[in-house]
Amino acid sequence: MSIAEIFRVLRRRWYVMAPLTLLGFLAGGFLYSTVPVTYQSQSQLTLMNSRKVAKPAPSYGNPLAYASGSLISTADVLIRALQSPESAEALRGHGVTDAYTVDFAEKAEGPLLTLSVTGEDRDEVFAETRIITDFAAEQLLALQMVAQVPPDYSVRAAPIVLPQKPVSQPKSRYQKVAAVLVLCLTSAFLLSFVTDVWALARRRRRGLPAPDEGPRGPAPGASRLRRQLTRPLDATAVLTGYLALALFLPSNLALPALGGAGTPANVFALLGLFWYLATWCMGRIAPAPGTRTVRTAVLVLGIVVLVSYVANTARISSQKEVLAADRGLIVLLVWVALVVLATAGIQDRARFDVLMRRLVVMGSVVAVLGLYDFFTGTNIADSLRIPGLNSSVANVAVLDRGSFTRPRSLTAHPLEFSGMLAILLPFAIAQAFDPARAHLSGFRRWAPVVLLGGGLPLTVSRTSIVGLLVVVLVMVPRWKPQRRWTAIGVLLGAVAVFKVLVPGLIGTITGLFSGSLNNADSSTQARTIKYPKIAEYFMEDPFLGRGFGTFTPERYFFTDNQYLLTLAELGALGVFALFVMGLIGVHNGGAIRRLARTESDRELGQAFFASALVALVISATFDTLSFPMFAGVFFLLLGLGGSCLGLVRREAETGEAAARKAEAPPRQPAPDAPPHLVEI
């Protein structure tokens, strides 16, 4: 269905679209004029140890110089105490009626706390901030008195930033207005197509002709814009647009007020979902047969996320956690859109192959930019400025390990970059061996393999090497002996090339693994030391967790483990749903390999198998679904695996039916049948 056809339906059903659109603008204007402007004031505290504890070197009695790890734990206890219902009730008795939050200061590496109050009256907000600041210090002393801490060893709270002048916070007003507009426009769009389908069915029942919908293709001599608007779209074209935005724009850039979920790629994916719904309502497309398994797996994840979201509405949460949960729902809808478009929208094998080739080529471009980062010691993503887009995260400094710069290309972190290369490498290998591409030059077939595979060690991370090993262990044993030994020789040669071209790289990478095994690596220790804390949050709600997207590093800490992060956010049910999705991806690859009738399809099935297994394994080394580019490509590949399985299954069934028909004996005519009825 083309864009012009969509507009024709909306114009034909203007009596549905126009009133709801007008209602949305009126409701948005009403909210804008009636929702009061809120003001926020902040103060900051630091915890100081006693002089007696700080007496030894190196602080020599200076409490500010003795901000040990124990004070961070004390700060965490104080934050929990101030957010408890008992403290909220006590503060109401002191006159604090507006919403307040207590959290670790942003980018804090010590026991620094930020106290915020948000309300509608500027003077009251300022006074309440002063009350909470004093109350926090009193609460700290009260906690220590209950614990019978000797006065000489008491931790004290000292304000380092006094209550600031309240500033206006228009973001909440704009978000409410935008939510109403999006709701009304979405409802108007969908109801217009439902009404059109109902009206056309009614005309058919009455025997009336369908209205003239105009040409479905571009007219001869039409302008370029008109040709683009009237050209029929398909899922491959829509997903290509998504990939261009997801891979060629820095993944940390997003639309204002939407946070990390508002990337241009995510917005485009949601528009693609609306295109599919409109096309499906008009009867132009139906879900491809044999592709329901993947959609069912994502449905299970969606149900877990929604149930966790509803269950956690009763939990006392900060405003940041509520907004994070809302963003989580948007991200979930984007993932659903990608899976639906890939599984239900792609109907033709040729268009499927086109999308797979485009995915590998675009991934190779991302790899080239990463190589540029490595050899120049820069972050190319930081130099890109796009009007209308803001960074949803703080700028990531150029990271290094040993004497090497860790590239990240257009991704948000080197770990995301390495994960992207690892899950795309199997498809580059499968396409290089595809006989249908044998007529192409060796450079065009093998350049993506060299770029994706060669970029993995340059990230100087354990994740990249683990992903590369999984790809090798899954794909190489399935090859014929000649190809297998050639591949082993190429791998050994690649190690020698890296040793010559990038001296010290191989030693740095082996040192990472030996340090992890000996528990001497600081990054590994920083991760594992926080794992017991996950158990505490898990026990608060072991089945549904704290809510998808709410375990933010700003409030808690980095887990660098998707399974532990899911355990905290969605509980045991979420981890189960995550495993189911990964295993569905592995199953799709194995089933494609078994049903394939050609060697190239068997290679493709093995690539899907390896890619899904890589995602399952490296999810234990970093929080994969927290990074928009990796998460989007992962769910797209999950959907493409289901689509490929449906295509291969239908081809196998068609081939078997043709074989049975060819082998069936010819029908013999009945004895009394006339000669002219004998089948020929």
Side-chain angles (χ1 to χ4, degrees), residues 363-383 395-426 428-429 432 442-443 445-473 475-476 484-527 560 614 617-618 621-622 630:
S364 302
V365 174
V366 174
V368 169
L369 298 178
L371 296 179
Y372 174 83
D373 282 350
F374 179 83
F375 289 107
T376 60
T378 60
N379 274 349
I380 192 171
D382 292 341
S383 61
N395 287 336
V396 180
V398 177
L399 301 178
D400 55 40
R401 179 167 280 166
S403 59
F404 303 103
T405 299
R406 301 182 64 190
R408 64 183 181 96
S409 185
L410 299 178
T411 64
H413 194 275
L415 287 175
E416 183 183 22
F417 178 58
S418 61
M420 281 284 301
L421 300 185
I423 63 174
L424 293 179
L425 177 60
I429 296 174
F443 175 81
R445 288 187 290 120
W446 290 101
V449 178
V450 174
L451 292 173
L452 295 173
L456 281 169
L458 299 183
T459 60
V460 201
S461 65
R462 285 173 289 264
T463 297
S464 60
I465 303 303
V466 170
L468 181 60
L469 287 176
V470 172
V471 173
V472 171
L473 293 177
M475 299 197 70
V476 172
R484 186 188 310 148
W485 289 110
T486 302
I488 293 174
V490 170
L491 289 174
L492 295 176
V495 173
V497 169
F498 277 112
K499 205 167 183 61
V500 173
L501 295 182
V502 191
L505 177 63
I506 303 300
T508 302
I509 293 175
T510 54
L512 290 176
F513 285 94
S514 61
S516 299
L517 296 176
N518 299 329
N519 199 26
D521 182 67
S522 58
S523 63
T524 304
Q525 292 176 352
R527 297 179 186 182
D560 286 327
V614 167
V617 173
I618 66 174
T621 63
F622 77 105
F630 181 91

Closest non-hydrogen atom pair between [X] and [Y], with its separation:
X: R406; Y: V460; result: NE-O, 3.7 Å
X: L369; Y: S409; result: CB-OG, 3.3 Å
X: A422; Y: V614; result: CB-CG1, 3.8 Å
X: F417; Y: V366; result: CE1-O, 3.6 Å

Taking the six-membered ring for Trp, are F630 and F622 parallel (under 30°), tilted (30 to 60°) or perpendicular (over 60°)?
-> perpendicular
Find out whether [X] and [Y] are in side-chain contact, i.e. whether some heavy atom of one side chain is under 4.5 Å from a heavy atom of the other.
X: F374; Y: V502; value: yes
X: I380; Y: L410; value: yes
X: R462; Y: T621; value: no

Given V617, which of T463, V466, L469 fulfils the side chain to side chain contact (heavy atoms under 4.5 Å, CB included) condition?
-> V466
Could you check L452, V471, L451 and say which one makes a side chain to side chain contact (heavy atoms under 4.5 Å, CB included) with L421?
-> L452
Starting from the C-alpha separation in whole Å, work towards a yes-or-no answer on side chain to side chain contact (heavy atoms under 4.5 Å, CB included) for L491 and V495.
-> CA-CA 6 Å; L491 289 174; V495 173; 5.8 Å; no
Could you walk me through whether S418 and S464 pass the side chain to side chain donor-acceptor pair (under 3.5 Å) check?
-> CA-CA 5 Å; S418 61; S464 60; 5.3 Å; no
Rounded to the nearest 0.5 Å, how far apart are [atom1] of [X] and [atom2] of [Y]?
X: L425; Y: L456; atom1: CG; atom2: CG; answer: 6.5 Å
X: H413; Y: T459; atom1: NE2; atom2: OG1; answer: 11.0 Å
X: T405; Y: L458; atom1: OG1; atom2: CG; answer: 11.0 Å

Could you tell me whether the side chain of N379 and the main chain of R408 form a donor-acceptor pair under 3.5 Å?
-> no
Would I429 and M475 satisfy side chain to side chain contact (heavy atoms under 4.5 Å, CB included), going step by step from the backbone distance to the final call?
-> CA-CA 9 Å; I429 296 174; M475 299 197 70; 4.3 Å; yes
